[in-house]
Amino acid sequence: MLDAALKGGTANRRSVFELFGRRLPATRRFGVVAGTGRVLEALERFEFLPEQIDYLHREKIVSDEALDFLKDFRFSGDIWGYAEGECYFEGSPIMTVEGTFAETVMLETLALSILNHDCAVASAASRMTIAAHGRPCMDMGARRTHERAAVSAARASVIGGFAGTSDLEAGIRYGIPTIGTSAHSFTLLHDSEEDAFRVQIDTLGTSTTLLVDTFDIYEGVERAVKVAREAGGELGAVRIDSGDLVAHAFKVRGLLDSLGAKNTKITVTSDLDEYAIAALGAAPVDSYGVGTRLVTGSGVPTAALVYKLVEREDADGNMEDVSKKSASKSTVGGRKVAGRVRNEEGYASEELIVAGGTREQALAILEEEGARPLQVPLVVAGEIQKEHWGPDALSKATQLHREARNELPYQAWRLSAGEAAIPTRYIHLD
């Protein structure tokens with residue numbers, strides 16, 4: 001597209017692309033914006049290296065004119081978007097990219113690949129933390145996905161409310177608290193379960209978490225408490241990774257209490273998702289370790305976001321709205337400005353999207369409607385607003401999501417399939 005547009009003389013036409021979802025998946029009542037910081041981080045280093053230019057030339061993928069463009073490519077346009085951590089709905093303009101066609105079309109795959117993954121994981125994480133009712137959820141999914149995706153998933157999970165990760169690279173890169181326990185192989189390495197527990201406690205102290213279900217869970221609990229007591233302290237936690245987790249949690253809690261280990265916590269793992277976590281709501285569980293279902297979006301591995309041209313400059317230099325008319329895949333033309341309307345009780349009642357006109361006109365309408373504006377400047381004339389991807393960006397996104405989710409009506413918190421938590425309404429400006 002870039003090469004043809006350069007040859008056809010349309011590459012420098014001003015263009016507006018929007019990234020949005022046509023609809024929410026059936027099992028999602030809201031989506032969570034995550035990955036914005038990673039998009040900006042990637043944009044900072046988004047350029048074509050000499051070896052890449054050589055490859056494009058050698059394989060005759062594009063013309064010399066396009067290669068010359070790519071050699072000097074740096075995005076110089078504007079990007080507006082929902083703040084990371086915000087909730088989104090059908091048609092929400094999560095990201096708006098403005099510039100020449102040549103530079104805006106170059107960002108399509110970059111933005112979609114990051115946001116489709118991270119929004120899916122964060123949305124799953126949010127549902128899981130809703131189901132957990134305040135009990136900590138921990139990311140333990142690094143072994144269940146691509147090694148680089150695992151780091152990104154850990155970051156997205158924190159935006160959705162997770163409290164830590166087993167992925168040390170995510171800890172280094174994003175400052176996420178890191179957690180972990182031993183595996184069954186560590187127990188099997190030793191001559192006895194008691195020996196394995198003793199070595200772990202000698203190394204990490206009695207505050208560590210011992211995996212107690214390699215053999216018999218209840219005998220394992222008794223050994224774990226005994227070894228910790230011999231070391232001069234009370235065991236931090238036990239982990240249960242198999243069987244009927246609800247029944248085991250009740251029995252293990254009773255056993256720990258009878259042994260005097262009333263402060264020893266119970267954490268559970270084993271293929272958890274939001275439904276399994278909800279089923280454990282009445283059980284005496286203190287935290288959850290979630291793996292496969294988290295990093296794969298709990299049945300929704302992609303947020304199904306798209307990147308579409310909604311406005312462009314015509315041959316006379318005037319900006320005009322454009323849209324697709326394809327059956328089932330039509331789009332709404334015009335640059336969008338979005339806000340969230342709240343009812344008298346302070347809960348969100350609709351997503352209001354103003355299409356067309358200027359940003360100032362749209363913002364005036366949002367104010368008239370009492371809607372909270374949702375978009376913030378992410379890139380201004382090529383300058384990345386670094387507060388959206390710097391050291392504090394992740395904690396800000398986590399806090400924003402907590403506030404945005406609490407603003408939603410009760411039906412948003414349901415785990416069952418159903419309609420979006422709030423409807424989307426459009427106002428079109430000519």
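Keep in mind it's a predicted model, so treat the numbers as computed, not measured.
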Inset, instruction - Supply the atom-to-atom distance L211 CG to T187 OG1, rounded to the nearest 0.5 angstrom. - result: 5.5 Å

Inset, instruction - Please determine, by modelled atom types, if R28 and S123 share a side-chain donor-acceptor pair under 3.5 angstrom. - result: no

Legend entry - Full working for side-chain contact (heavy atoms from CB on, under 4.5 Å) between R359 and W80: CA-CA 11 Å; R359 186 173 299 278; W80 288 75; 3.4 Å; yes

Inset, instruction - First locate atom OH of Y82, then atom CD of Q375, and finally report the distance between them rounded to the nearest 0.5 Å. - result: 6.0 Å

Inset, instruction - Quick one: list whatever passes salt bridge (Lys or Arg N to Asp or Glu O under 4.0 Å) with E311, sequence neighbours left out. - result: R335

Legend entry - T178 (side chain) donor-acceptor with L168 (main chain) under 3.5 angstrom: no

Legend entry - For D273, all residues meeting salt bridge (Lys or Arg N to Asp or Glu O under 4.0 Å), sequence neighbours excluded: R293

Inset, instruction - Check whether any side-chain heavy atom of L2 sits under 4.5 Å from a side-chain heavy atom of V62, and report yes or no. - result: no

Legend entry - Any donor-acceptor N/O pair, T129 side chain to G160 backbone, under 3.5 Å: yes

Legend entry - Test item: R402 side-chain N/O and I159 main-chain N/O as donor-acceptor pair under 3.5 Å: no

Inset, instruction - Write down the atom of V121, the atom of V295, and the distance for their closest heavy-atom approach. - result: CG2-O, 4.0 Å

Inset, instruction - Please confirm whether the backbone N or O of L112 pairs with a side-chain atom of N116, one donor and one acceptor, at under 3.5 Å? - result: yes

Inset, instruction - To the nearest 0.5 angstrom, please state how far the OG1 atom of T203 sits from the CD1 atom of I201. - result: 10.0 Å

Counting only pairs under 3.5 Å, give me each side-chain donor-acceptor contact of residues 379-396, with atom names and distances, residues two or more places apart or in other chains.
unit_1 : atom_1 : unit_2 : atom_2 : d
Q385   : NE2    : E383   : O      : 2.8
H388   : NE2    : P377   : O      : 3.3
S395   : OG     : D392   : O      : 3.0

Legend entry - Side-chain donor/acceptor of T267 to backbone N/O of S287, under 3.5 Å: yes

Legend entry - Flag side-chain contact, heavy atom, 4.5 Å: I353 against V332: no

Inset, instruction - Could you pull out all residues at least two apart from A278 that satisfy side-chain contact (heavy atoms from CB on, under 4.5 Å)? - result: A131, L415

Inset, instruction - Identify the heavy atoms of D167 and A150 that sit nearest to each other, and give their distance. - result: OD2-CB, 3.6 Å

Legend entry - Inter-residue atom distance Q200.CD - T206.OG1, 0.5 Å rounding: 11.5 Å

Legend entry - Flag, side chain of E169 to backbone of V151, donor-acceptor distance under 3.5 Å: no

Legend entry - Heavy-atom closest pair, residues Y88 and A303: OH-CB, 3.6 Å

Inset, instruction - Report the distance from atom NZ of K324 to atom OG1 of T331, rounding to the nearest 0.5 Å. - result: 6.5 Å

Inset, instruction - Compute whether any side-chain donor of one residue and acceptor of the other, for R405 and S126, lie under 3.5 angstrom apart. - result: yes

Legend entry - Sequence-distant partners of E193, salt bridge (Lys or Arg N to Asp or Glu O under 4.0 Å), two or more places apart: R223

Inset, instruction - For the pair R173 and E41, find out whether any cationic side-chain nitrogen is under 4.0 Å from an anionic carboxylate oxygen. - result: no

Legend entry - Side chain D118, main chain A156, donor-acceptor under 3.5 Å: no

Inset, instruction - Report yes if some heavy atom in the side chain of D139 is under 4.5 Å from a heavy atom in the side chain of V158; otherwise report no. - result: no

Legend entry - side-chain contact (heavy atoms from CB on, under 4.5 Å) partners for S416, two or more places apart: R29, R414

Inset, instruction - Mind checking ring pair (Phe, Tyr, Trp, His ring centres under 6.0 Å) for F69 and listing every partner two or more places apart, or none if nothing turns up? - result: F73

Inset, instruction - Would you mind reporting whether L107 and I79 have side-chain heavy atoms less than 4.5 Å apart? - result: yes

Legend entry - Which residues share a salt bridge (Lys or Arg N to Asp or Glu O under 4.0 Å) with R340, sequence neighbours left out: E86, E351

Inset, instruction - Answer yes if the side chains of D241 and T269 hold a donor-acceptor pair under 3.5 Å, and no otherwise. - result: yes

Legend entry - Under 3.5 Å: donor-acceptor pair, side chain of R135, backbone of G281: yes

Legend entry - Close side-chain approach of Y218 and V212, heavy atoms under 4.5 Å: no

Inset, instruction - Among residues two or more places apart or on two chains, list those pairs meeting ring pair (Phe, Tyr, Trp, His ring centres under 6.0 Å) that have a residue in residues 398-430. - result: Y426-H428

Inset, instruction - With the side chain counted from C-beta on, respond yes when V39 and L378 share a heavy-atom pair under 4.5 Å apart, and no when they do not. - result: no

Legend entry - Within-4.5 Å side-chain heavy-atom neighbours: E108 and M1: yes

Legend entry - Heavy-atom check, side chain of T165 versus side chain of Y174, under 4.5 Å: no

Legend entry - Qualifying side-chain hydrogen bond (donor to acceptor under 3.5 Å, both in side chains) pairs, either residue in residues 14-25, two or more places apart: E18-K336

Legend entry - Any donor-acceptor N/O pair, T264 side chain to L235 backbone, under 3.5 Å: yes

Inset, instruction - Check step by step if side-chain hydrogen bond (donor to acceptor under 3.5 Å, both in side chains) holds for S152 and R38. - result: CA-CA 8 Å; S152 306; R38 291 209 307 118; 3.2 Å; yes

Legend entry - Qualifying residues under side-chain contact (heavy atoms from CB on, under 4.5 Å), relative to S76, sequence neighbours excluded: E103

Legend entry - Carboxylate-amine/guanidinium contact E369 R425, below 4.0 Å: yes

Inset, instruction - Calculate, to the nearest 0.5 Å, the distance between atoms CG and OH belonging to L115 and Y307 respectively. - result: 11.0 Å

Legend entry - T302 side chain vs A304 backbone, donor-acceptor pair below 3.5 Å: yes

Inset, instruction - Only counting residues at least two apart or in another chain, list the ones meeting side-chain contact (heavy atoms from CB on, under 4.5 Å) with S242. - result: D213

